[in-house]
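Notes follow once the structure below has been shown.
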Amino acid sequence: MSTNEVMARLGAAVSALGDVDVSAWSEDTLNDQLGELSAALVALDSVLSRVAGEVRARGLRIEEPVSA
C-alpha cells in the first residue's frame with residue numbers, strides 16, 4: 001500500500017471516528033454496545049500507541065498542528 005493510500009485511510013478513519021456521538025445513544029444502546037465499544041477503543045489505543053512509538057523511535061516528535 002502506498003504512503004498516499006495509507007494517509008487517505010487514516011484520514012477516513014479520523015472522519016469516521018469524528019461521526020461517533022455516544023452522548024446521543026440511549027442508555028440501553030450504550031449498555032448493549034459497551035463491550036464492543038470497549039474492545040474497539042482498546043484496539044485503537046494499542047495501534048495508535050504502536051504507530052506513535054515507531055515515529056518516536058526514529059527520533060521524531062508528534063506535535064499538535066498549530067491552528068491559524
Side-chain angles (χ1 to χ4, degrees):
M1 182 177 311
S2 75
T3 303
N4 288 340
E5 290 171 326
V6 169
M7 295 308 296
R9 290 180 71 180
L10 283 172
V14 169
S15 179
L17 287 170
D19 291 340
V20 176
D21 182 6
V22 176
S23 67
W25 295 4
S26 70
E27 288 298 313
D28 289 339
T29 299
L30 184 55
N31 284 324
D32 290 345
Q33 298 298 318
L34 190 55
E36 192 173 346
L37 178 61
S38 295
L41 291 172
V42 168
L44 282 168
D45 182 59
S46 175
V47 172
L48 290 172
S49 294
R50 178 188 57 80
V51 172
E54 290 174 358
V55 170
R56 290 183 185 108
R58 295 186 65 174
L60 301 170
R61 290 178 41 175
I62 297 178
E63 299 178 10
E64 289 189 47
V66 177
S67 59

Students should find that the hydrophobic cluster of Leu10, defined by side-chain heavy atoms under 4.5 Å apart, otherwise consists of Met1, Val6, Met7

Hits for side chain to side chain contact (heavy atoms under 4.5 Å, CB included) against Ser2, two or more places apart or cross-chain, chain-then-number order -> Asn4, Glu5

Contacts satisfying side chain to side chain donor-acceptor pair (under 3.5 Å) that involve residues 11-25 (not counting sequence neighbours) are Asp21-Ser23

Note: with side-chain heavy atoms under 4.5 Å as the link, the other cluster members for Val55 come out as Leu60, Ile62

- Query: Is it true that atom CD of Glu64 has more than 12 heavy atoms of other residues, nucleotides or ligands lying nearer than 6.0 Å?
  - Reply: no

| query | With hydrophobic residues grouped by side-chain heavy-atom distances under 4.5 Å, do Leu30 and Leu41 end up in a single group? | reply | yes

Item checked: Connected via hydrophobic side-chain network under 4.5 Å: Leu44 and Val14 -> no

In short, side chain to side chain donor-acceptor pair (under 3.5 Å) pairs touching residues 28-48 with sequence neighbours left out are Ser26-Thr29

Quick note, side chain to side chain donor-acceptor pair (under 3.5 Å) partners involving residues 48-60, not counting sequence neighbours, are Arg50-Glu54

